[in-house]
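All figures in this text were calculated on a predicted structure; none of them were measured in a lab.
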Amino acid sequence: MASSGEEPRSSAPGRAGTGTELSPTADAAQLDTAEDFEVLEEEEEEEEEEDLSELPPLEDVGRPPAPPREDTQAPEQGGGEAAEDPQEWLDVLGSGLLKKKTLVPGRGVDTRPRKGQDVTIRLKATLEDGSVVEENPALTFTLGDCDVLQALDLCVQLLEMGETALIVSDAKYCYGAQGRSPDVPPNAALTLEVELLAARDAPDLELLSGKEKIELANRKRERGNFFYQQADYVLAINSYDIALKIISSSSKVDFSPDEETELLDVKVKCLNNLAASQLKLDHYEAALKSCNLVLEHQPGNIKALFRKGKVLAQQGEYREAIPILKAALKLEPSNKTIHAELSKLVKKHADQKNVETEMYRKMLGNPSAAGAPGKCKDKLPWSIPWKWLFGATAIALGGVALSVVIAARN
């Protein structure tokens with residue numbers, strides 16, 4: 001927790017989502033302590049890692065990063081002079097957990113930004129003890145895309161151009177139960193001082209260069225990774241979906257082969273991360289679709305194979321899941337996680353077959369396995385004479401038919 005004597009974190013003007021790259025640490029494993037395979041990883045490590053137990057459910061993620069844009073929240077000190085303003089607090093959600101108060105009026109309701117627009121704000125964030133944890137003189141983000149703290153996304157759309165407001169938010173709409181190491185403790189409420197500086201329509205996706213499209217899609221993907229680490233899988237899915245829409249959008253600009261390859265790489269990462277989030281919510285059909293889309297592009301993608309096997313196993317489709325996990329294990333023979341999952345599925349499949357066999361025996365009136373062979377032996381002596389009888393009958397009928405034909409010719 002930052003003390004009031006610490007230097008506040010300062011952010012250079014820029015777009016949300018362009019913060020420091022996450023560092024790969026063991027802390028990431030806390031997201032899924034029961035499953036080593038579900039550990040977030042860094043992009044740069046992806047090619048080097050050989051053990052899937054080190055691979056994450058999300059592509060290129062380490063420990064929860066300080067969200068680049070949302071870190072700006074204002075201390076109550078920021079509105080010192082305005083504290084005497086008689087303006088009433090607005091209970092944004094009606095729950096008392098998110099409140100807004102105008103400090104400096106704006107230019108009218110007609111100047112409020114719309115969802116989908118790129119907005120630029122001045123931000124200052126403080127804890128309840130007055131410690132400044134973030135300052136950004138010009139933070140730009142797409143309104144409504146969950147690029148920043150929910151408190152900002154919900155309140156900025158209520159600001160008028162030029163308006164300065166004080167926002168007091170519960171931890172639920174900031175950094176939640178996990179906080180943001182090292183300056184925002186778990187379950188910390190924040191005070192945000194926000195001034196709306198500009199709002200403009202977002203760029204036309206069709207006119208973006210390859211580099212611009214890659215950067216934009218990566219920002220949305222990284223935001224999804226942040227939400228995944230916060231265990232907010234619904235918002236994670238939302239961010240990955242936005243990234244995929246950006247990648248799949250038509251373009252009037254020609255991309256270089258390298259840019260096409262990089263776009264495909266980002267797409268695969270988003271789909272893999274999307275499948276991981278969908279699995280967390282037990283959305284098995286959606287997760288299966290995401291895995292299949294990855295495998296269409298990269299049939300040997302181990303993460304997609306592993307998750308597809310897990311999805312099928314969760315659906316009770318052990319017969320289909322086992323060969324998929326075997327294929328993943330063939331690609332990564334030393335991976336202990338796949339070994340363990342495969343062994344577990346083989347055992348479950350064997351148990352399932354035994355249960356089904358016993359059920360069929362009971363349905364057919366054969367309560368025990370021992371009784372079945374005996375009955376077969378009792379029937380065995382009768383089976384041969386019946387075959388002979390059938391053969392003899394066929395020969396006799398053939399002879400009669402031949403006699404009739406000969407007689408007719410004569």
Check [X] against [Y] and note the closest heavy-atom contact, atom names and distance.
X	Y	value
Leu166	Trp89	O-CZ3, 3.6 Å
Ser239	Lys220	CB-O, 3.4 Å
Ala327	Leu305	C-CD1, 4.4 Å
Leu159	Leu196	O-CD2, 3.7 Å
Ile324	Gly309	CG2-N, 4.0 Å
Leu295	Asn301	CD2-O, 3.9 Å

Enter the distance from [X]:[atom1] to [Y]:[atom2] here, rounded to the nearest 0.5 Å.
X	Y	atom1	atom2	value
Leu264	Ile247	CG	CD1	9.0 Å
Leu274	Ile237	CG	CD1	6.0 Å
Leu345	Lys326	CG	NZ	11.0 Å
Leu312	Leu325	CG	CG	8.5 Å
Glu195	Leu139	CD	CG	13.0 Å
Glu259	Asp254	CD	CG	10.0 Å

For this session: Could you please spell out the steps behind the side-chain contact (heavy atoms from CB on, under 4.5 Å) verdict for Val268 and Val294?
Result: CA-CA 6 Å; Val268 167; Val294 173; 3.9 Å; yes

Give a yes or no on whether the backbone of [Y] and the side-chain of [X] come within a donor-acceptor separation of less than 3.5 Å.
X	Y	answer
Glu160	Gly108	yes
Ser209	Glu212	yes
Tyr240	Leu235	no
Ser251	Val253	yes
Gln117	Arg114	yes
Glu222	Arg219	no
Asp153	Cys146	yes
His339	Pro333	yes
Thr111	Met161	yes
Arg112	Gln157	no

For this session: Would you check, one step at a time, whether the test side chain to side chain donor-acceptor pair (under 3.5 Å) holds for Glu332 with Asn335?
Result: CA-CA 6 Å; Glu332 196 72 58; Asn335 189 276; 5.7 Å; no

Using a 4.5 Å cut-off on heavy atoms from C-beta on, say whether the side chain of [Y] contacts that of [X].
X	Y	answer
Asn187	Tyr175	no
Thr337	Phe306	yes
Lys101	Glu88	no
Asn218	Arg221	yes
Leu271	Leu244	yes
Leu123	Leu152	yes
Arg200	Thr120	yes

Problem set entry | Donor-acceptor side-chain pairing of Asp129 and Ser131 below 3.5 angstrom |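 Yes, side-chain donor-acceptor contact under 3.5 Å.
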
For this session: Tell me yes or no: between the side chains of Ser169 and Lys99, is some donor less than 3.5 Å from an acceptor?
Result: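 The criterion, which ignores hydrogens and geometry beyond distance, is not satisfied for Lys99 and Ser169.
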
Exercise. Is it true that Lys245 and Asp241 have a side-chain N and a carboxylate O under 4.0 angstrom from each other?
Worked result: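 Here Lys245 does not pair with Asp241 in a salt bridge, since their nearest N and O are not under 4.0 Å apart.
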
Exercise. Could Lys100 and Glu163 be called an ion pair, given the rule that one side-chain N must be under 4.0 Å from one carboxylate O?
Worked result: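 Yes.
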
Side chains of residues 90-98: which donor-acceptor pairs under 3.5 Å do they make with residues two or more places apart or in other chains?
| residue | atom | partner | partner atom | Å |
| --- | --- | --- | --- | --- |
| Asp91 | OD1 | Gly94 | N | 3.1 |
| Asp91 | OD1 | Ser95 | N | 3.4 |
| Asp91 | OD1 | Gly96 | N | 3.1 |
| Asp91 | OD2 | Gly96 | N | 3.1 |
| Ser95 | OG | Leu97 | N | 3.4 |

For this session: For the pair Thr142 and Lys115, evaluate side chain to side chain donor-acceptor pair (under 3.5 Å) and give the outcome as yes or no after the intermediate values.
Result: CA-CA 8 Å; Thr142 304; Lys115 285 186 178 181; over 6 Å; no

Identify every side-chain donor-acceptor pair in residues 284-291 under 3.5 Å, counting partners at least two apart or on other chains, and give the distances.
| residue | atom | partner | partner atom | Å |
| --- | --- | --- | --- | --- |
| Tyr284 | OH | Asp282 | OD1 | 3.1 |
| Tyr284 | OH | Gln314 | OE1 | 3.4 |
| Glu285 | OE2 | Gln315 | NE2 | 2.9 |
| Ser290 | OG | Gln278 | OE1 | 2.9 |
| Ser290 | OG | Ala286 | O | 3.2 |

For this session: Please lay out, stage by stage, how Ser250 and Glu206 fare under the test side chain to side chain donor-acceptor pair (under 3.5 Å).
Result: CA-CA 6 Å; Ser250 58; Glu206 291 187 338; 2.8 Å; yes

For this session: Begin with the C-alpha distance, continue with both residues' side-chain angles, and end with the deciding distance and a verdict on side-chain contact (heavy atoms from CB on, under 4.5 Å) for Val194 and Arg122.
Result: CA-CA 6 Å; Val194 185; Arg122 175 183 62 80; over 6 Å; no

Exercise. Can you check whether Tyr233 and Tyr228 have ring centres sitting under 6.0 Å from each other?
Worked result: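 Yes; Tyr228 has its ring centre under 6.0 Å from that of Tyr233.
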
For this session: Give the intermediate values and the outcome of side-chain contact (heavy atoms from CB on, under 4.5 Å) for residues Ile214 and Lys211.
Result: CA-CA 5 Å; Ile214 291 167; Lys211 182 180 179 181; 5.7 Å; no

Problem set entry | CA sep, side-chain torsions, deciding dist, call: Phe226, Asp232, side-chain contact (heavy atoms from CB on, under 4.5 Å) | CA-CA 9 Å; Phe226 167 76; Asp232 196 334; over 6 Å; no

Exercise. With Asn272, which of Arg307, Gln298, Lys267 fulfils side chain to side chain donor-acceptor pair (under 3.5 Å)?
Worked result: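 When Arg307, Gln298, Lys267 are each tested with Asn272, the side chain to side chain donor-acceptor pair (under 3.5 Å) holds only for Arg307.
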
